[in-house]
Asks: 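Below is one structure. I have some questions about it.
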Amino acid sequence: MKQSIIRGTGKGIAPVLVTNHDLEKIMDTSDEWIRQRTGIEQRYWIPEDEEIGSSDLGFIAAEQALKNAGWQASDLDFIIFATLSPDIMFPGSGCLMAAKLGLDSTPALDIRQQCTGFLYGLTTADAYIKTGIANKILLVGAEIHSSGLDKTTRGRDVTVIFGDAGAAVCIEGVETDENVGLLSSALHADGNYAHALTAELPASRLPQRMPPDVAIDDPRYFPVMDGPAIFKKALRLLPKVTQEAFEKANVTVDDIDLIIPHQANMRINQGLGQYLKVDDSKVFHNIQKYGNTTAASIPLALHEAMEEGLVGKKGDTVYFVALGAGLTWGGIVYRFG
Ligand code: UT7
């Protein structure tokens, strides 16, 4: 049976460092509030006067992941690109990034699963590998949030949280009898809570996507979030999906070397750690440096955890877990091969 093995990872970070103190200058917020409520100290945004798309940050991450895997772009037989902030309405960022990698026929699929983009992408890659559709897959998660945020006090609950970044993993199908690769995947979605985290405009369902009677700085053009509702959902659903993913993989928390959660709020991830009764050192955090980078957040955390030497050896077992817009949520148990 073929198993999906991660061969290399990479990251691509937006160039402008924005600290909490920088945000204090443009809206009514404080470093203290942001740190206490979220754990975030800084994030990176693209410059205000330059064109940089998700495909550009994804491209930087992809080049590094390919190098770490010892692969050429031409070795790839499939690209999966996860983003909620594609460069343009269409075509997808996966196509745009593939062209930047010098490719002209490799299939490229965009997925729109927000904070769980990496989990849905990894599960898709695993299914493609197991069914023989592809064997060397590049999975990218990348976001440019900053160009679409409400940078006034009105949007402060959302704007202070998000950062721009890309991250990538190279995944290879390997014939083996060992219990390695994706040991389990548990994915869920509930569109009844779509309104809890959404950007409503522009909307193709309307007679006019950008209604002429709605001002360009109307809140509907920016992401809005019912933060407390999402927070409560996360505290309830993340433990539940963790149980499901662990049962499917036939593991207990003692088998997990590192929990690599989506970086949405440090308090959510600490809460999951407390539920699982593990020391906080077993839960990876890099939200302090990058904020919430949505589809990029788990592969970015994985890349840094591997760079720090925390995981990556054969037999190391990690648990990826996330909840975000959709709502979508899920967990994956992965063992390095
Ligand atoms: O990755 C996608 C999934 N998203 C999440 O997982 C996010 C989940 N939710 C959260 O992380 C938290 O709900 C937030 C960090 C977004 C907000 O924290 P909170 O502790 O739930 O605060 P709150 O929304 O209940 O607001 C508390 C107060 C309010 O003021 P009043 O009404 O008590 O006077 C807000 O207006 O904090 C105020 N506030 C701020 N103050 C300073 C909201 N945002 C800010 C801000 N700076 N940036």
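Everything quoted here is computed from the prediction, not taken from an experiment. Numbers here are sequence positions counted from 1. Start at 1 and go down the list; that is how both ligands and their atoms are numbered.
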Asks: Applying a strict 4.0 Å limit to heavy atoms, is Ile268 in contact with ligand 1?
Replies: yes
Asks: Measuring from non-hydrogen atoms of Met27 to any atom of ligand 1, is the shortest distance under 4.0 Å?
Replies: no
Asks: Under a 4.0 Å threshold between the charged nitrogen and the carboxylate oxygen, would Glu304 count as salt-bridged to Lys11?
Replies: yes
Asks: Tell me the contacting part of Thr159 for ligand 1: side chain, backbone, both, or neither, using a 4.0 Å heavy-atom threshold, strictly below.
Replies: neither
Asks: I want to check a possible cation-pi pair here: Lys240 against Trp329, using under 6.0 Å from ring centre and within 45° of the ring axis as the test.
Replies: no
Asks: Which residues pass the side chain to side chain donor-acceptor pair (under 3.5 Å) test with Asp150, sequence neighbours left out?
Replies: Thr152, Arg154
Asks: Do any heavy atoms of Ala234 fall under 4.0 Å from ligand 1?
Replies: no
Asks: Pull out every atom of ligand 1 sitting under 4.0 Å from any heavy atom of Thr38, numbered as shown with elements.
Replies: 15 (C)
Asks: Of the backbone atoms (N, CA, C, O) and the side-chain heavy atoms from C-beta on, which set of Asp157 has a member under 4.0 Å from an atom of ligand 1: side chain, backbone, both, or neither?
Replies: both
Asks: Does the protein place a non-hydrogen atom closer than 4.0 angstrom to atom 19 (P) of ligand 1?
Replies: yes
Asks: Closer than 4.0 Å and a protein heavy atom, does any atom meet both conditions relative to atom 14 (C) of ligand 1?
Replies: no
Asks: With a 4.0 Å cut-off, strictly under, does atom 32 (O) of ligand 1 pick up any protein heavy atom?
Replies: no
Asks: With sequence neighbours left out, what residues match Ser4 under side chain to side chain donor-acceptor pair (under 3.5 Å)?
Replies: Asp126
Asks: Pick, from Asn265, Thr29, Ile34, Thr153, the option with the minimum heavy-atom distance to atom 48 (N) of ligand 1.
Replies: Thr29
Asks: Looking at Glu41 and Arg35, does any basic side-chain N land under 4.0 Å from a carboxylate oxygen?
Replies: yes
Asks: How far is atom 43 (C) of ligand 1 from its nearest protein heavy atom, and which residue and atom name does that atom have?
Replies: Trp33 CZ2, 3.4 Å
Asks: Among all the protein's non-hydrogen atoms, which is closest to atom 36 (O) of ligand 1, and how far away is it?
Replies: Arg156 NH2, 3.0 Å
Asks: Hey, does Asn292 come in under 3.5 Å of ligand 1, counting only N/O atoms on both sides?
Replies: yes
Asks: Atom CG in Leu323, atom CD1 in Ile268: separation rounded to 0.5 Å?
Replies: 7.5 Å
Asks: For Trp71 and Ala65, indicate whether the former's side chain and the latter's backbone hold a donor-acceptor pair under 3.5 Å.
Replies: no
Asks: State, with a plain yes or no, whether a side-chain heavy atom of Tyr128 is found less than 4.5 Å away from one of Thr124.
Replies: yes
Asks: Output the list of atoms in ligand 1 that are nearer than 4.0 Å to some heavy atom of Val160, sorted by atom number.
Replies: 48 (N)
Asks: For atom 2 (C) of ligand 1, which protein heavy atom lies nearest, and how many Å away is it?
Replies: Cys115 SG, 3.2 Å
Asks: Could you find the nearest protein heavy atom to atom 7 (C) of ligand 1 and give me its residue, atom name and distance?
Replies: Met225 SD, 3.8 Å
Asks: Under a 4.5 Å side-chain heavy-atom rule over Ile, Leu, Val, Met, Phe, Trp and Tyr, are Phe118 and Leu300 clustered together?
Replies: no
Asks: Which protein non-hydrogen atom lies closest to atom 25 (O) of ligand 1, naming both residue and atom, and how far is it?
Replies: Pro228 CG, 3.6 Å
Asks: Between Ser297 (side chain) and His262 (backbone), is there a donor-acceptor pair under 3.5 Å?
Replies: no
Asks: Students should be able to answer this: which protein heavy-atom is nearest to atom 27 (C) of ligand 1, and at what distance?
Replies: Arg37 NH1, 3.6 Å
Asks: Is it the case that one hydrophobic cluster holds both Ile256 and Val318, taking links as side-chain heavy atoms less than 4.5 Å apart, direct or via other members?
Replies: no
Asks: With atoms numbered from 1 as shown, which atoms in ligand 1 lie under 4.0 angstrom from a non-hydrogen atom of Arg267?
Replies: 20 (O)
Asks: For atom 5 (C) of ligand 1, find the nearest protein heavy atom and state the residue, atom name and distance (0.1 Å precision).
Replies: Ile230 CG2, 3.6 Å
Asks: In terms of side-chain heavy atoms, does Thr83 have a donor or acceptor partner in Glu143 at a distance below 3.5 Å?
Replies: yes
Asks: Drop me the distance from Ser55's OG to Ile144's CD1, to the nearest 0.5 angstrom.
Replies: 8.5 Å
Asks: Give the atom numbers and elements of ligand 1 that come within less than 4.0 Å of a heavy atom of Ile161.
Replies: 16 (C)
Asks: Measure the CG-CG distance between Leu17 and Asp22 for me, rounded to the nearest 0.5 Å.
Replies: 7.0 Å
Asks: Ligand 1 and Gly227, any nitrogen or oxygen pair closer than 3.5 angstrom?
Replies: yes
Asks: Does even one non-hydrogen atom of Gln114 get within less than 4.0 Å of ligand 1?
Replies: no
